[in-house]
Protein chains: 4
Amino acid sequence: MHASPPPSSTVRQRRKEARPQELLDAALALFVEKGFAATRSEEVAIRAGVSKGTLYLYYPSKEELLKAVIRHNLSRILADSVNIAEGFEGPTSDLLATLLRTWWDQVGETPAGGIHKIIMAEVRNFPEIAEFYYHEVILPARELISKTIQRGVDSGEFRAVSPQEVTQVLIAPLLFLALHKHSFGACPISMNAIEPAQVIEAQIDIVLRGLLSPERPPL
Amino acid sequence: MHASPPPSSTVRQRRKEARPQELLDAALALFVEKGFAATRSEEVAIRAGVSKGTLYLYYPSKEELLKAVIRHNLSRILADSVNIAEGFEGPTSDLLATLLRTWWDQVGETPAGGIHKIIMAEVRNFPEIAEFYYHEVILPARELISKTIQRGVDSGEFRAVSPQEVTQVLIAPLLFLALHKHSFGACPISMNAIEPAQVIEAQIDIVLRGLLSPERPPL
Amino acid sequence: MHASPPPSSTVRQRRKEARPQELLDAALALFVEKGFAATRSEEVAIRAGVSKGTLYLYYPSKEELLKAVIRHNLSRILADSVNIAEGFEGPTSDLLATLLRTWWDQVGETPAGGIHKIIMAEVRNFPEIAEFYYHEVILPARELISKTIQRGVDSGEFRAVSPQEVTQVLIAPLLFLALHKHSFGACPISMNAIEPAQVIEAQIDIVLRGLLSPERPPL
Amino acid sequence: MHASPPPSSTVRQRRKEARPQELLDAALALFVEKGFAATRSEEVAIRAGVSKGTLYLYYPSKEELLKAVIRHNLSRILADSVNIAEGFEGPTSDLLATLLRTWWDQVGETPAGGIHKIIMAEVRNFPEIAEFYYHEVILPARELISKTIQRGVDSGEFRAVSPQEVTQVLIAPLLFLALHKHSFGACPISMNAIEPAQVIEAQIDIVLRGLLSPERPPL
DNA sequence: TATGAATGAGGATTCATTCAT
DNA sequence: GATGAATGAATCCTCATTCAT
């Protein structure tokens, strides 16, 4: 009612700048948890600590919000992987093992890991997503892994396998773990959960072993 | 198989008996394609060739329809696998290879393969589904594979790996292929698609090789 | 499957002839219990022991069924009353008392007593009902009671009251009892129910006493 | 009545505060006119000058709206009556006459008089309503009248009648008038309508006369 | 006649989006 | 910018009515 002190723009300012991030995080969490169609936009707003109206100040529709969530989280997905690969020296098996472990730590374990669930569920409803996910993520990721495998083959460390298919064999269990974590893994009824770290180690152990050239001594 | 008694059933009758199956098939297809929440019940009806009202003659709500779809498709999912495993004689690697190939042919390639996409997307909204899917499908499937791996370990054919984790490594790529087939795989924008059969063969080749005891001669 | 004996038309016949009555009874009971709009026509059919389709063989719509129910039960409503009044000799108070008691026994206590609840609830939705109820029931009933009161006034037994208003005073509690019986009276939670017989006797006692000429000795 | 503080509330605000009342009034009118089941929720909204959606902002379902209507109108129903009775000095017949006339003016003549029609029509569908209406209205009302009659009996003004039954005889015509007003009374086809005021006076005249002790001089 | 499967208009309710404050 | 009251299109589901058998 009486004049309030000039709003110490800092707090408000800081919040304002953080808004998009907060909204994106809230949306990610809810879309992963309940699915895009089943998440109400007000829920997103509430979770981000703002009102319904404010959400629409930043994103013009729920659909645009979805795309922003995906676009925003896509960048994190490959994150360090490329860097790691570039400078790496040493056996290719070590590189692959590092890549897998890193991905799980940097992505699988973080909320961004849920993005795959959203995409898997919604690509068919939003074909444009397919396009940029394919170019921004699938292709670079496959290329990274394929090249790495090729490197192993070239150096004689691996058998002469087909990099394309092996790439799938290598990636699938990780993505699957991420999907599981956000579906069954998040269900209240604990069901002797998968222990991701152990599965990843088993995966590394077995697949890399399966790739090695027979004339080489086992790891 | 042999001549059945002259169908006393009228056309109307026959339709009535076929309805649940028709509705279930339509629902499966749409739920897989668009997701549960994003599918309108009328769409299901139309796709099954009936009217909105008829759908509700057979299933009291969209939610019950979803459960029926899952329940109905559950049976197919393990189907032959258990039989195959029981009578099998020969190297465990052959058995595992057969199981994987059979699963893909019997489930992955059929509409039932889409069930996994639905479940992954909806378990968190329908905890009861999580429960019975876990008990009816996940657990039996894991057990089947785990036991088979153990058999290989016991016979000395495989290294002394931990069956639980290896089971994941073995199953994940197949389920992932099924998920892919119904998400990216179904997108119009062809993106040098994964060739499931080849991935499966690569998976068999690499993982089984990675399981073999070192002292044994390679396959 | 084998030829059945020629349908002993009697049973079927009897049922067929009883149908309209059975349907009307079922409808009356349900309309009274749940209201017209809230009663499904299939419920009526089931309660009458026939199928939905059969109901429509007898009444072309739910609305017509309602009107038939009302029309059918209207006739019973005055029933014997007129006869009683015509031949009656003796004090007017006795005649009025008899009329009230008879109405309650013949109508109030029977399912037809519920008709008032239906009519009260539905006249405004079906104005035509108002018309024939007014002519078939209200008017004759009022006339019967009014004339009887007038008779008492004429004979010097009653004070010089206005028959119109006293008619209301006389009738209202009976109709109200009937309404109560089918609303609160039918609720599971027994709430120290009104005892109709006693209320009627109190009504007779008090109102007739209130009507008597002061110079006459009390009853 | 005197100047209220300058309303800091905006138009929007004021509307918001008025909404529940407006909705309740609209609902009361329509439920009384057409019945609960036959009233569409959109009609209520339109009558209150808002859209369908707005109704649901204030009441979560049509059923809850009904309950709110009843609950809200309950308070008015006994209103002054108890106060009148408490302070009253003078003959019991005067008190009873005042109570009846007041009830008609305060309730019977107002929209709240329609509540009885709704309840009569719907109690069997909403047993909870029966319960709280019974405890909040019926019981207190009966008690008030019964005690008053007892007072007359105790003072020797009335004969030794049973208060319970006489209460019914006293109340029924008033409630019946209220019911009539909202059913037949509201029908376009004028049918030499009941004149409530006159019926009430006749009722007072006759019933009170019927209650008086014979040894007392008539009114 | 009698049945009950099928229909689809109608009604309750939800929720993305707008907009006055 | 921020809010949250208001809107109404969209969707689930019901049920009066029809009609092939």
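Every chain is numbered from 1, with letters handed out A, B, ... down the list of sequences.
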In whole angstrom, give the distance that lies between atom CD of C:E43 and atom P of F:dT17. 15 Å
Spacing of D:K34 atom NZ relative to E:dG10 atom P, expressed in whole Å: 14 Å
To the nearest Å, give me how far apart CG (C:L66) and C1' (F:dC15) are. 17 Å
Exactly one of B:V44, B:V32, B:L65 clears side-chain contact (heavy atoms from CB on, under 4.5 Å) with B:T39, and that residue is B:V44
Using atom types as modelled and distance alone, determine if a side-chain donor or acceptor of D:K62 lies under 3.5 Å from a backbone N or O of D:F36. yes
First encountered from the 5' end of DNA chain E, between D:S61 and A:P60: D:S61
Set out, in order, the CA-CA distance, both residues' side-chain angles and the distance that settles side-chain contact (heavy atoms from CB on, under 4.5 Å) for A:E33 and A:E43, then state yes or no. CA-CA 12 Å; A:E33 179 181 335; A:E43 288 180 281; over 6 Å; no
Walking DNA chain F from its 5' end, the first of D:G49 and B:S41 to be reached, judged by nearest nucleotide, is D:G49
Atom CG of D:L23 to atom P of E:dT13: distance rounded to whole Å? 14 Å
Both distances under 3.5 Å, Watson-Crick or G-U wobble: report the partner of F:dT21, or none. E:dA2
Gap between atoms CD1 and P, on B:I46 and F:dT11 respectively (whole Å): 12 Å
Strictly by Watson-Crick or wobble contacts shorter than 3.5 Å, is anything paired with F:dC15, and which nucleotide is it? E:dG8
Starting at the 5' end of DNA chain E, which residue's closest nucleotide do you reach first, A:E63 or D:A37? D:A37
To the nearest angstrom, the CZ-P distance between C:R40 and E:dG11 comes to 17 Å
Going through the checks in order, is the side-chain contact (heavy atoms from CB on, under 4.5 Å) test met by B:V50 and B:L57? CA-CA 11 Å; B:V50 299; B:L57 244 36; over 6 Å; no
Just to be sure I understand the geometry, which residues of residues 50-57 of chain D put a non-hydrogen atom under 4.0 Å away from DNA chain E? D:K52, D:Y56
Could you tell me whether D:Y59 contacts a base, only the sugar-phosphate backbone, or nothing, with contacts defined as non-hydrogen atoms closer than 4.0 Å? nothing
Where each residue is assigned the nucleotide of DNA chain F containing its nearest heavy atom, which of C:E42 and D:Y58 is assigned the position nearer the 5′ end? D:Y58
Using whole Å, report how far NZ of A:K62 lies from C1' of E:dT17. 12 Å
If only atom types and distance count, is the side chain of C:K34 paired as donor or acceptor with the main-chain N or O of C:R40 below 3.5 Å? no
Please determine which of B:E128, B:H116, B:R71 meets the side chain to side chain donor-acceptor pair (under 3.5 Å) test together with B:Y133. B:H116
So, OP1 or OP2 of F:dG1: does either fall under 4.0 Å of a side-chain N or O from A:R19? no
In this structure, how many angstroms lie between the C1' atom of F:dT21 and the CD atom of B:E17, rounded? 15 Å
CA sep, side-chain torsions, deciding dist, call: C:I119, C:L74, side-chain contact (heavy atoms from CB on, under 4.5 Å): CA-CA 11 Å; C:I119 291 173; C:L74 244 41; 4.1 Å; yes
